[in-house]
Amino acid sequence: MVPPLFLDVQPSHYVLDMCAAPGSKTAQLIEALHASADAGTPPAGLVVANDADYKRACLLVHQTNRLNSPNVIITNHSGERFPNIYRDGKREIVQFDRILCDVPCSGDGTTRKNVRVWEKWRPDDAHSLNPIQVKILQRAAFLLKTGGRLVYSTCSLNPIENEAVVAHVLDQFDGVLKLVDVSAHLPALKRRPGLDTWKVMTRDGVLHESFEAVPIDEAGRGRRKYMENFFPLAAERMQELNIDRCMRIYSHMQNTGGFFVAVLEKVAPISVDEKRKEREAMEVDCAETPAQDSSSAPIPAQDASSAAPTPAQDSSPAPAPAPKRARIEKDASDETAPQSSDHVSSEEAALQPRDSDNDNDTSDEAAHLPYYPDNPRDDPALTENPFVFLDPSNSDMKSIISYYGIKESMSRNGYLSRMEGESFRSVYFVSDSVRELMDLAGQRLRVVNTGIRVFSRNSTREAHCSFRLVSEGVPQLLPHLPDRFVVEVSFADLRTLLNEVNPLFTALSDGCHTRLKEVPASSSVVMVYDPAKHVDDEEKPYTRMTATLMVPCWRGLASLSVHMDKNQLCSLIHRVLGRTVNRNVVGGFKLTNNSKTAAPNAPEQD
């Protein structure tokens with residue numbers, strides 16, 4: 001996908017994907033974050049993958065689980081209401097270095113691969129999408145760090161969803177955001193510049209060149225609430241904003257889908273928090289006054305709405321003119337009206353805690369509240385079992401760390417689980433950056449999933465440890481495990497392991513057999529095949545392999561059992577052995593020593 005390639009994600013970046021499902025672009029962001037990270041060592045950054053639809057967020061979980069990253073958080077928020085996360089007792093808002101806004105769109109650029117789009121497409125589809133697209137981009141502007149990069153993209157070619165959104169948001173945040181010239185980036189990509197003029201078709205099928213040209217019917221209607229934002233700005237203003245730096249990717253140019261991409265950079269502070277930090281930096285060398293005038297005292301929250309200081313009362317230096325505050329007004333008949341004085345806009349009042357009852361109010365009155373992208377109302381909390389971080393001194397965690405000999409190189413702060421009363425079935429691991437963000441967010445963040453599963457509770461009572469290793473967590477754990485739980489194997493041993501059900505130790509090579517005897521019985525063990533160490537072997541995998549293959553197994557008294565999801569195991573058998581497994585035969589596998597295809601196993605031997 002093209003949009004993530006323009007974000008230039010680095011391992012230390014905090015990245016937000018505001019409309020992430022189904023997850024292809026999120027996967028690219030995760031790969032970029034881990035591009036230079038060593039195995040088992042999480043990078044300093046993180047990726048927050050958000051989607052407004054809970055079911056699509058669950059689909060996102062399945063997509064990102066394939067990458068086994070401890071630096072990912074899957075959340076479920078409306079993009080325009082992604083919550084503020086505060087540091088230092090609401091003194092600083094957590095902001096992101098990179099934000100991807102691949103917003104909901106009409107999808108008319110995908111007609112090559114999805115011809116059924118034409119069955120439902122209408123010329124005015126974009127009219128209902130433009131307002132939400134504007135809100136998402138406004139919210140992203142507040143969540144982006146000064147100096148950070150934001151990519152706005154759609155799979156639509158309608159200028160109402162593309163250039164109109166970007167132009168009007170740039171105009172609202174005058175001087176805060178700028179379009180970046182990326183014409184030299186990805187030079188092989190064929191593209192066209194953004195449009196600076198277009199016409200808007202109303203529902204009656206008539207094209208209009210300006211908002212003023214749209215007629216008003218006898219009832220005073222005819223102009224939609226946000227219709228003025230559908231039209232281009234004045235030609236001089238469009239040129240000043242460099243709208244031609246947007247990119248249009250047409251399907252016929254390179255045999256691709258149709259895309260629109262705009263790369264923006266934040267060059268000035270916009271939020272109350274950013275302005276405060278800028279002001280504090282300017283005042284750091286100023287001498288403190290011996291006494292404060294009462295008029296400069298913080299405004300109480302209950303009186304802030306009616307006690308905005310007048311110029312005469314305010315003795316502090318006059319700040320630079322602030323950019324226009326982006327706001328969707330409640331009154332549809334006056335979209336250009338200035339911000340009403342009943343909204344608390346002072347920096348002191350903005351620091352006051354909000355009423356949680358009002359934040360989660362789902363009444364009709366709350367539904368029609370004005371939208372403020374710097375501090376939107378919170379979404380209600382999820383009803384699922386919450387993720388709880390586990391204390392390393394917890395009896396179960398202490399047993400796991402002690403038995404498997406987890407080295408100090410693996411952070412002890414990243415273990416968490418979904419609690420079911422006082423117990424838990426699985427242990428997940430996240431990076432320190434994810435732990436910090438989740439601690440700061442608390443219940444404000446609707447976390448659907450995070451981390452990678454590293455341990456799962458055993459079902460057998462004979463095990464030395466109550467928890468076993470899990471396949472998806474093995475790549476993260478392997479660098480931190482002692483040698484006694486890691487056995488290197490040849491391809492012949494790997495083939496036996498995948499080709500048979502619970503192969504006996506005697507079916508393996510002598511060296512592998514000897515190493516398995518050193519592993520405690522009724523315990524997890526990782527069988528490792530490194531193709532780089534077996535380049536000269538006559539027997540090789542069916543497909544060329546370059547990465548080390550790690551297969552978690554259960555070490556019984558005299559045999560091994562692969563502990564891997566059936567679908568993953570079938571895929572692995574196909575890639576390594578080159579044959580398709582019939583999952584409908586005997587528990588899902590038709591292997592050489594299966595009771596219906598071969599003689600029963602010989603008696604177990606030590």
Can you give me the closest heavy-atom contact between [X] and [Y], atom names plus distance?
{"X": "L7", "Y": "I99", "answer": "CD2-O, 3.6 Å"}
{"X": "P376", "Y": "R81", "answer": "CG-CA, 3.8 Å"}
{"X": "V448", "Y": "A57", "answer": "CG2-CB, 4.2 Å"}
{"X": "C19", "Y": "I136", "answer": "SG-CD1, 3.9 Å"}
{"X": "L143", "Y": "P83", "answer": "CD2-O, 4.4 Å"}

Okay, side chain of [X], backbone of [Y]: is any donor-acceptor separation there less than 3.5 Å?
{"X": "D97", "Y": "Y14", "answer": "yes"}
{"X": "S433", "Y": "G45", "answer": "yes"}
{"X": "R191", "Y": "I249", "answer": "no"}
{"X": "N76", "Y": "N50", "answer": "no"}
{"X": "Q28", "Y": "M1", "answer": "yes"}
{"X": "D379", "Y": "H77", "answer": "no"}
{"X": "E163", "Y": "L195", "answer": "yes"}
{"X": "Q95", "Y": "F142", "answer": "yes"}

task: Please identify each residue that fulfils ring pair (Phe, Tyr, Trp, His ring centres under 6.0 Å) with F231, with sequence neighbours left out.
output: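 For F231, no residue satisfies ring pair (Phe, Tyr, Trp, His ring centres under 6.0 Å) once neighbours in sequence are set aside.
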
Have a look at [X] and tell me which of [options] forms a side-chain contact (heavy atoms from CB on, under 4.5 Å) with it.
{"X": "L437", "options": "V447, D432, V94, V430", "result": "V94"}
{"X": "Q133", "options": "V103, V166, V169", "result": "V103"}
{"X": "M247", "options": "V182, V2, N162", "result": "V182"}

message: So that I know where these two stand, are F6 and Y152 an aromatic pair - ring centroids less than 6.0 Å apart?
response: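 When the ring centroids of F6 and Y152 are compared, they turn out to be at least 6.0 Å apart.
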
- request: Measure the spacing between NE2 of H127 and CG of N229 and express it to the nearest 0.5 Å.
  value: 12.0 Å

message: Salt bridge check, D171 against R237: does any charged N sit closer than 4.0 Å to a carboxylate O?
response: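 Here R237 pairs with D171 in a salt bridge, since their nearest N and O are under 4.0 Å apart.
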
query: Can we say K55 and D53 salt-bridge, meaning some charged N sits less than 4.0 Å from an Asp/Glu carboxylate O?
result: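 Here K55 does not pair with D53 in a salt bridge, since their nearest N and O are not under 4.0 Å apart.
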
- prompt: Is there a side-chain contact between P70 and H34, using heavy atoms and a 4.5 Å cut-off?
  reply: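 Yes - at least one pair of side-chain heavy atoms lies under 4.5 Å apart.
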
query: Is V263 close to H185 at the side-chain level, that is, under 4.5 Å between some pair of heavy atoms?
result: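 They are not in contact (no side-chain heavy atoms under 4.5 Å apart), so the answer is no.
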
- prompt: Relative to each other, are the rings of Y428 and F387 parallel, tilted or perpendicular (30° and 60° limits)?
  reply: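 Perpendicular.
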
